[in-house]
Each structure stands twice: as C-alpha cells, then as structure tokens.
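Written below as structure tokens is the structure these notes are about.
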Amino acid sequence: MNGTRKKLLLVAVAMVAVSAVVATQYARATIGYEYGVSATDGAIRFIARDKAPDGNYVLQNDSYTLKLKLGTFTPGTNKTYTAAFGIVNEESFNINLTDVTVDGAGASNVKIWLHKDPNATIDTDGTAVLV
C-alpha cells in the first residue's frame with residue numbers, strides 16, 4: 001500500500017512539472033514588428049535615433065530599403081520610442097508632412113507622433129501631434 005502511494009505521488013509530481021514547463025512556454029512567446037519606411041518627396045532625409053532592445057538602431061538600411069525594426073517583445077508589453085527616426089528637411093524651403101500611413105500586421109499597435117524634441121516623450125513635449 002505504501003509503495004502504491006509513492007508511485008501515485010511520483011506520477012502527480014511529474015504531471016505538475018510537465019504542466020509548469022508547458023505553461024512557461026506560453027509566457028515566453030514574443031512578437032516582432034518591422035515596417036518599411038519611404039517618402040514620396042526626395043527632399044527629406046531620414047536619420048536613425050533610437051535603439052531597439054537588441055542594441056541596433058530602430059531605423060535600419062536593409063538592402064537599400066529603410067525599415068523600422070521595433071524589436072521583439074512579449075505580448076502585452078508597451079514600448080515607447082521618443083525618436084524612432086528623424087525626418088530632416090535639407091532644403092531652404094518648408095516641406096509639409098500631410099500623411100503618414102502604417103500598413104501590415106500589427107499596424108493598429110503603432111501610433112506615430114511628430115514632435116521637435118527627440119529626448120522628450122509625447123506627454124512632455126508641447127509640440128507633439130498624433131498623425
């Protein structure tokens with residue numbers, strides 16, 4: 001009788017251990033976001049500013065295509081880049097930014113704000129505008 005009880009206890013402990021391992025696999029799932037960046041006006045230039053969690057710049061030149069690689073995150077987390085990339089007008093005249101479009105999977109998770117201070121967050125920079 002005592003041996004049967006030990007075997008049942010051993011089976012129960014093994015089931016709990018397997019359940020714990022399976023549960024942690026779901027907690028470790030990550031999601032990566034990457035977007036292409038382009039402009040219809042050749043008079044502006046994009047510059048890299050913020051870095052992703054992997055230490056690389058968020059804005060990267062990938063085979064002559066600019067990509068916004070936001071990094072890989074655990075679902076449910078939020079990340080704010082104060083200056084994911086900069087838009088520089090190198091001309092002597094003003095250029096108006098009239099439209100910003102985010103397409104693709106995860107587009108609804110991205111909010112783009114324009115502001116002048118790359119070190120400020122949108123709630124502390126009075127020039128911030130949601131586009």
Side-chain angles (χ1 to χ4, degrees):
M1 184 93 166
N2 196 14
T4 304
R5 189 177 284 176
K6 285 183 180 180
K7 288 179 184 177
L8 286 174
L9 182 60
L10 183 61
V11 169
V13 168
M15 288 176 57
V16 168
V18 168
S19 296
V21 168
V22 170
T24 60
Q25 297 307 308
Y26 291 109
R28 293 182 184 188
T30 56
I31 300 172
Y33 290 104
E34 179 180 307
Y35 299 92
V37 178
S38 63
T40 57
D41 189 333
I44 64 173
R45 179 172 54 96
F46 295 100
I47 59 170
R49 178 70 165 77
D50 280 348
K51 292 190 176 183
D54 63 4
N56 293 318
Y57 283 107
V58 174
L59 183 67
Q60 296 181 12
N61 184 342
D62 186 3
S63 299
Y64 301 104
T65 301
L66 289 178
K67 290 190 178 179
L68 192 62
K69 296 182 178 184
L70 301 179
T72 305
F73 303 95
T74 303
T77 60
N78 291 318
K79 173 65 177 160
T80 299
Y81 292 106
T82 59
F85 61 89
I87 300 173
V88 179
N89 176 6
E90 296 181 326
E91 300 297 331
S92 59
F93 52 86
N94 290 335
I95 295 175
N96 294 323
L97 180 63
T98 58
D99 184 41
V100 173
T101 304
V102 179
D103 294 323
S108 62
N109 297 321
V110 176
K111 292 182 182 175
I112 297 178
W113 291 80
L114 299 177
H115 60 110
K116 294 180 180 180
D117 185 351
N119 297 312
T121 57
I122 56 166
D123 51 348
T124 61
D125 186 344
T127 66
V129 177
L130 178 64
V131 295

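Reckoned from all heavy atoms, side chains included, excluding hydrogens, waters and symmetry mates.
- Between A52 and K69, the shortest heavy-atom contact is CB-O, 4.0 Å.
- Nearest heavy atom pair, residue A48 against residue L59, reads CB-O, 3.8 Å.
- In this structure, N94 has no side chain to side chain donor-acceptor pair (under 3.5 Å) partners at least two apart in sequence or on a different chain.
- For T80, the side chain to side chain donor-acceptor pair (under 3.5 Å) criterion is met by no residue, not counting sequence neighbours.
- The nearest pair of heavy atoms linking K51 to V58 is C-CG2, 3.7 Å.
- A donor-acceptor pair is defined here as one N or O able to donate and one able to accept, closer than 3.5 Å; such a pair exists between the side chain of Y81 and the backbone of L70.
- Residues forming a salt bridge (Lys or Arg N to Asp or Glu O under 4.0 Å) with D54 (at least two apart in sequence, or on another chain): none.
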